[in-house]
Amino acid sequence: MKSIHAFSDVQDARCMRRCLALASRARGLVGNGAMVGAVLVRKGQIIAEAHHAGFGLRHAERSLLESFRGDIHPEDILFTNLEPCCHTGRTPPCTNIIVERGIRKVIYGMRDSDPRVAGKGIALLQSQGLSVTGPVDLAECERLNRGFNAVRTLGRPWITLKMARTLDGRIANGDGSPLKITSTEQDRWSHTWLRSMVDAILIGVQTVMTDDPLLDTRFAQKLNTNTDQYYPLRFILDPSLRIPEYSKILTNSPHQTILVAAEDRAPADRISTLAQRGIRVMLAPLSGQAFDLAALFTLLVTPQSDYHGITSMLVEGGPKTWETFRRAGAVDEDVVLVGDGG
Ligand code: AOF
Ligand code: ZN
């Protein structure tokens, strides 16, 4: 039920869009967590805003309320694209500071899919007498955090599979030489709308051998002037660590590259040589000739020391890798670029 202070739906949606824009500044920085923005609204004007800026850092609502020094008025409304948390994780519960600071009304975008919260944040605020309304702009909120929702509900990242083929159906040259399929225009599109929208890109080592790709976002159009150019992590599935030492992916921004090798196949001396160059190697079990996907997913989404986990991934090839993900039913979105190399 809306209180007499509620805005029109259009104004609610406008404030929620602002939360989402703020939240998306942290793409690639929140590890396996959610991207969250918050705004404080008084008489239709946004008077304070904040976002969750990185893994383990203050949540959006806490960040906003700790930096906003003015008094909270009874009619002020706190907007956030995710239900405020009520658990103690790496930071204290947001519901505590919301109640302590005297916020009376909260409008949220989507419920938190983390089982530690999952509606309990809303219930707790309501039990303290706050008006809590939502969801608002649910489709957009779910879209931004579809990776977070996939991790919390499926235990794996949101997966987009991308393949490129020529008009006559070829994906490679018969002799193993690189085949340029897409146009610069198509590359600009995929760097902007695919690569810049995920936490990580994943390929198999055979694609490194054939194409020696960079897997960066050099053609991306900048969509948000408040953020720097964004580079997702790059995962290479390479059971025996066959990757050529001077492939572009190891020599350009090596700290963005993570090799996934097989527990019982990767030579220890190779792992330490790569580590000395700042290239991380993660070990996962094989199931037959391919990686055990369930174990791989757990590895990818679980934070450990200097790795904070991911929530979304673009699988770019090649055929063996596509097949592994397809067979496991682990594809949420399938994109095929048909090019003539022009
Ligand atoms: C919020 N506001 O800005 C975020 C929330 O590891 P922690 O302590 O950061 O907790 C992560 C969980 O907290 C995450 O799974 C999700 O449930 C919630 N994230 N909640 O109220 C925020 N980032
Ligand atoms: Zn929180």
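Indexing begins at 1, ligand by ligand and atom by atom, following the structure's order. We're numbering straight along the sequence, starting at 1. Computed from a predicted model, the values in this text were never measured in an experiment.
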So, Lys180 and Asp187, do they make that salt bridge, N to O below 4.0 Å?
yes
When you check the gap from the basic side-chain N to the acidic O, do Asp332 and Arg156 get nearer than 4.0 Å?
yes
Note: ligand 1 atoms sitting under 4.0 Å from heavy atoms of Glu83 are 21 (O)
So, for Val335 and Thr160, which heavy atoms are closest and what is the spacing to 0.1 Å?
CG2-CG2, 3.9 Å
Taking a cutoff of less than 4.0 Å between a non-hydrogen atom of the residue and any ligand atom, is Phe55 in contact with ligand 1?
no
When you measure from the side chain of Gln45 to the backbone of Arg42, do you find a donor-acceptor pair of N or O atoms at a distance under 3.5 Å?
no
Note the single closest protein heavy atom to atom 23 (N) of ligand 1, along with its residue, its atom name and the distance in Å.
His52 CD2, 3.3 Å
Looking only at protein heavy atoms, which one is nearest to atom 15 (O) of ligand 1, and how far off is it?
Asp114 OD2, 2.6 Å
Where's the contact between Val36 and ligand 1, heavy-atom distance under 4.0 Å: side chain, backbone, both or neither?
side chain
Should the proximity of Cys85 to ligand 1, defined as any heavy atom under 4.0 Å, be assigned to the side chain, the backbone, both, or neither?
both
Contact between ligand 1 and His87 is defined here as a heavy atom of the residue under 4.0 Å from a ligand atom; is it met?
yes
Give the minimum heavy-atom separation between Leu241 and Ala266, together with the two atoms involved.
CD1-CB, 3.8 Å
For atom 3 (O) of ligand 1, what is the nearest protein heavy atom, given as residue, atom name and distance?
Ala60 N, 2.8 Å
Using 2.8 Å as a strict upper limit, say whether an N, O or S atom of Cys85 approaches the Zn ion (ligand 2) that closely.
yes
So which N/O/S atom does His59 have closest to the Zn ion (ligand 2)?
ND1
Looking at Gln304, I want to see if its CD is surrounded by more than 12 non-hydrogen atoms of other residues, nucleotides or ligands under 6.0 Å.
yes
Ligand 1 contact on His51 by region, counting heavy-atom pairs under 4.0 Å:
neither
Could you establish whether Met35 and ligand 1 come within less than 4.0 Å of each other, counting only heavy atoms on the residue side?
no
Atom 2 (N) of ligand 1: closest protein heavy atom, distance to 0.1 Å, is Glu61 OE1, 2.7 Å
Minimum-distance pair of heavy atoms, taken over all atoms of Asp112 and Glu83:
N-OE1, 2.9 Å
Under 4.0 Å, counting heavy atoms only: does Arg62 come that close to any atom of ligand 1?
no
Of all heavy-atom pairs between Leu314 and Arg195, which one has the smallest distance, and what is that distance?
CD2-CG, 3.8 Å
List ligand 1 atoms under 4.0 Å from Arg152, heavy atoms only on the residue side.
14 (C), 15 (O)
Selection from Asn81, Asp112, Thr91, Thr95 by shortest heavy-atom distance to atom 17 (O) of ligand 1:
Asp112
Where the side chain of Gln256 meets the backbone of Arg234, is there a donor-acceptor pair that is under 3.5 Å apart?
no
Quick one: nearest non-hydrogen protein atom to atom 6 (O) of ligand 1, plus distance?
Arg90 NH1, 2.7 Å
Around atom 9 (O) of ligand 1, find the nearest protein heavy atom and jot down its residue, atom name and distance.
His59 NE2, 2.8 Å
Any carboxylate oxygen within less than 4.0 angstrom of a Lys/Arg side-chain nitrogen, looking at Asp334 and Arg326?
yes
Report yes if Leu82 has an N/O atom closer than 3.5 Å to an N/O atom of ligand 1; otherwise report no.
no
Using distance alone, decide if ligand 1 has a nitrogen or oxygen within less than 3.5 Å of any nitrogen or oxygen in Gly56.
no
So for Pro84, does at least one of its heavy atoms come nearer than 4.0 angstrom to any atom of ligand 1?
yes
Does Arg277, at its CZ atom, have more than 12 non-hydrogen atoms belonging to other residues, nucleotides or ligands within less than 6.0 Å?
yes
Identify, by atom number and element, the atoms of ligand 1 in contact range of Gly89, meaning under 4.0 Å from any of its heavy atoms.
8 (O)
Note: Glu185-Arg188 ion pair, threshold 4.0 Å (strictly below)
yes
Without swapping roles, check the side chain of Thr217 against the backbone of Ser196 for a donor-acceptor pair under 3.5 Å.
no
